[in-house]
Amino acid sequence: MSRTALVTGGTRGIGLAISAGLKQAGFAVAANYSGNDAAAKACEDAIGVKGFKFDVSDFEAVGAGIAEIEKDLGPIDVVVNNAGITWDAPFHKMSLEQWQKVISVDLDSAFNVTRQVWEGMRERGFGRVINISSINGQKGQFGQVNYSAAKSGLIGFTKALAQEGARKGITVNCVAPGYIDTEMVRAVPEKVLESIVSTIPVGRLGKPEEIASICTYLASDEAAFITGATMTVNGAQYIAS
Ligand code: CAA
């Protein structure tokens, strides 16, 4: 029987590529999304992965969403905590709402989702948790104190939880993408983005599939000895130690 994977924010951008990669590798995949019904329908039409609508920043809503997924597809063996937003501003202009919204969607979500599948993974002696961090959680980014804090927080979350899952067959890893060709990155002002791309030694934005392939590997049985790691995938823009 195939394993079941949940990809948060799994109907668009990097998440869509991750959903497609896992589906192709034989997983039964559920793609969570928060609001864009048209994108969810397009995802189902294109790759045959159904969307499940709930807000990952709301613990109760996540619980209900997970119950629905498990009823449909069986117990969740793999979680990819991918859902994330940006709301950039220099710190002196950043509102409390900008701070709280980004922290809750990008960081609290990892608790809300993982906590509610964790006991099942422990009982079954198998699990894969993959947290999508960012180059900007590793190096910090001007205009992204909120996002950099959340994405850096995911790295600490990963390192601690990996130690707790290790004896139970559960691996917990981070993937830290650089600038990938998605709507989120294309929303950066053109001039700013041009100057960012000029600092990527590989000379281009990354592709969503280049993030998806590492996630598929981390989800596999073969990756059982990789845990607590942060996989940097950024075209050498920032070489983390
Ligand atoms: N380093 C130093 N100074 C910088 C700077 C930088 N990287 N970027 C801008 N500045 C300076 C400008 O030169 C300007 O200085 P002066 O006031 O002295 O002229 C000042 O900051 C700009 O101030 P503004 O009041 O005009 O700023 P703003 O309100 O227009 O906001 C910004 C600017 C929103 C931060 C804009 O620079 C921006 O969007 N930056 C890109 C942030 C970014 O990389 N976001 C990534 C989104 S994609 C993503 O996050 C995915 C992922 O994981 C990689």
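- With contacts defined as side-chain heavy-atom distances shorter than 4.5 Å, the pair Asn36/Thr11 does not qualify.
- The shortest heavy-atom contact between Thr227 and Thr171 is OG1-CA, 3.4 Å.
- Under the 4.5 Å side-chain criterion, counting only non-hydrogen atoms from C-beta, Asn131 is not in contact with Asn173.
- Within the 4.5 Å cutoff, the side chain of Val145 has heavy atoms near those of the Trp99 side chain.
- Clustering ILVMFWY residues whenever any of their side-chain heavy atoms sit less than 4.5 angstrom apart, transitively, puts Leu73 in a cluster other than the one holding Ile18.
- The two residues Phe27 and Ser2 make their nearest non-hydrogen contact at C-OG, 4.5 Å.
- Between Leu107 and Leu154, the closest side-chain pair of non-hydrogen atoms falls below 4.5 Å.
- Taking a 6.0 Å sphere around CD of Gln24, one finds it holds 12 or fewer heavy atoms contributed by other residues, nucleotides or ligands.
- A salt bridge does not link Glu164 to Lys168: none of the charged nitrogens lies less than 4.0 Å from a carboxylate oxygen.
- A side chain to side chain contact (heavy atoms under 4.5 Å, CB included) with Leu6 is found for one member of Asp77, Ile76, Asn81 and no other, namely Ile76.
- Taking a cutoff of 4.0 Å between a charged side-chain nitrogen and a carboxylate oxygen, Lys41 and Asp45 qualify as a salt bridge.
- With hydrophobic clusters built from ILVMFWY side chains whose heavy atoms lie under 4.5 angstrom apart, Val7 does not share a cluster with Ile66.
- Note on Ile130 and Phe157: separate hydrophobic clusters, where clusters join Ile, Leu, Val, Met, Phe, Trp and Tyr whose side-chain heavy atoms are under 4.5 Å apart, directly or indirectly.
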Checklist line | Trace of the salt bridge (Lys or Arg N to Asp or Glu O under 4.0 Å) decision for Lys207 with Asp181 | finding: CA-CA 6 Å; Lys207 299 176 196 152; Asp181 191 2; over 6 Å; no

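- Nearest heavy-atom pair, Gln98 versus Lys93, reported as atom, atom and distance to 0.1 Å: OE1-O, 3.6 Å.
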Item checked: Test side chain to side chain contact (heavy atoms under 4.5 Å, CB included) applied to Thr86 and Met184, step by step -> CA-CA 8 Å; Thr86 55; Met184 180 187 272; 3.7 Å; yes

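- When all heavy atoms of Thr199 and Ser195 are compared, the closest pair comes out as CG2-O, 3.5 Å.
- More than 12 heavy atoms of other shown residues, nucleotides or ligands fall within 6.0 angstrom of atom CD in Glu44.
- Under a 4.0 Å N-O distance rule, the pair Lys50/Asp72 qualifies as a salt bridge.
- The cationic group of Arg204 does not satisfy the cation-pi geometry with Tyr179, failing either the under 6.0 Å distance to the six-membered ring centre or the 45° limit from the ring axis.
- Under the 4.5 Å side-chain heavy-atom criterion for grouping Ile, Leu, Val, Met, Phe, Trp and Tyr, Leu161 is not connected to Val78 through any hydrophobic cluster.
- Formation of a donor-acceptor pair under 3.5 Å by the Gln163 side chain with backbone atoms of Lys159 is found in this model.
- For CD of Glu190, the number of neighbouring non-hydrogen atoms (other residues, nucleotides, ligands) closer than 6.0 Å is 12 at most.
- Residues Phe54 and Val62 are in side-chain contact: their nearest non-hydrogen atoms beyond the backbone lie under 4.5 Å apart.
- At least one donor-acceptor pair under 3.5 Å links the side chain of Ser104 to the backbone N or O of Lys101.
- For the 3.5 Å distance criterion, the side chains of Thr232 and Gln138 qualify, holding a donor opposite an acceptor.
- Looking only at side-chain heavy atoms (C-beta outward), Met231 and Leu218 come within less than 4.5 Å of each other.
- A heavy-atom distance below 4.5 Å is found between the side chains of Met121 and Val79.
- In the model, Ser220 has a side-chain atom that pairs as donor or acceptor with a side-chain atom of Glu222 under 3.5 Å.
- Grouping the Ile, Leu, Val, Met, Phe, Trp and Tyr side chains by contacts below 4.5 angstrom, directly or via other members, places Val185 with Ile200.
- Residues Phe126 and Asp221 form a side-chain contact, since some pair of their non-hydrogen atoms from C-beta on lies under 4.5 Å apart.
- A donor atom on one side chain and an acceptor atom on the other are not found under 3.5 Å apart for Asp55 and Ser34.
- In this structure, the side chain of Asn136 does not engage the main chain of Ser148 through any donor-acceptor pair within 3.5 Å.
- Within 6.0 Å of atom NZ in Lys53, more than 12 heavy atoms from other residues, nucleotides or ligands are found, so the atom counts as buried in its surroundings.
- The minimum heavy-atom distance linking Gly84 with Val105 is given by the pair CA-CG1, 4.2 Å.
- Heavy-atom neighbours of Arg115 CZ from other residues, nucleotides or ligands within 6.0 Å: at or below the threshold of 12.
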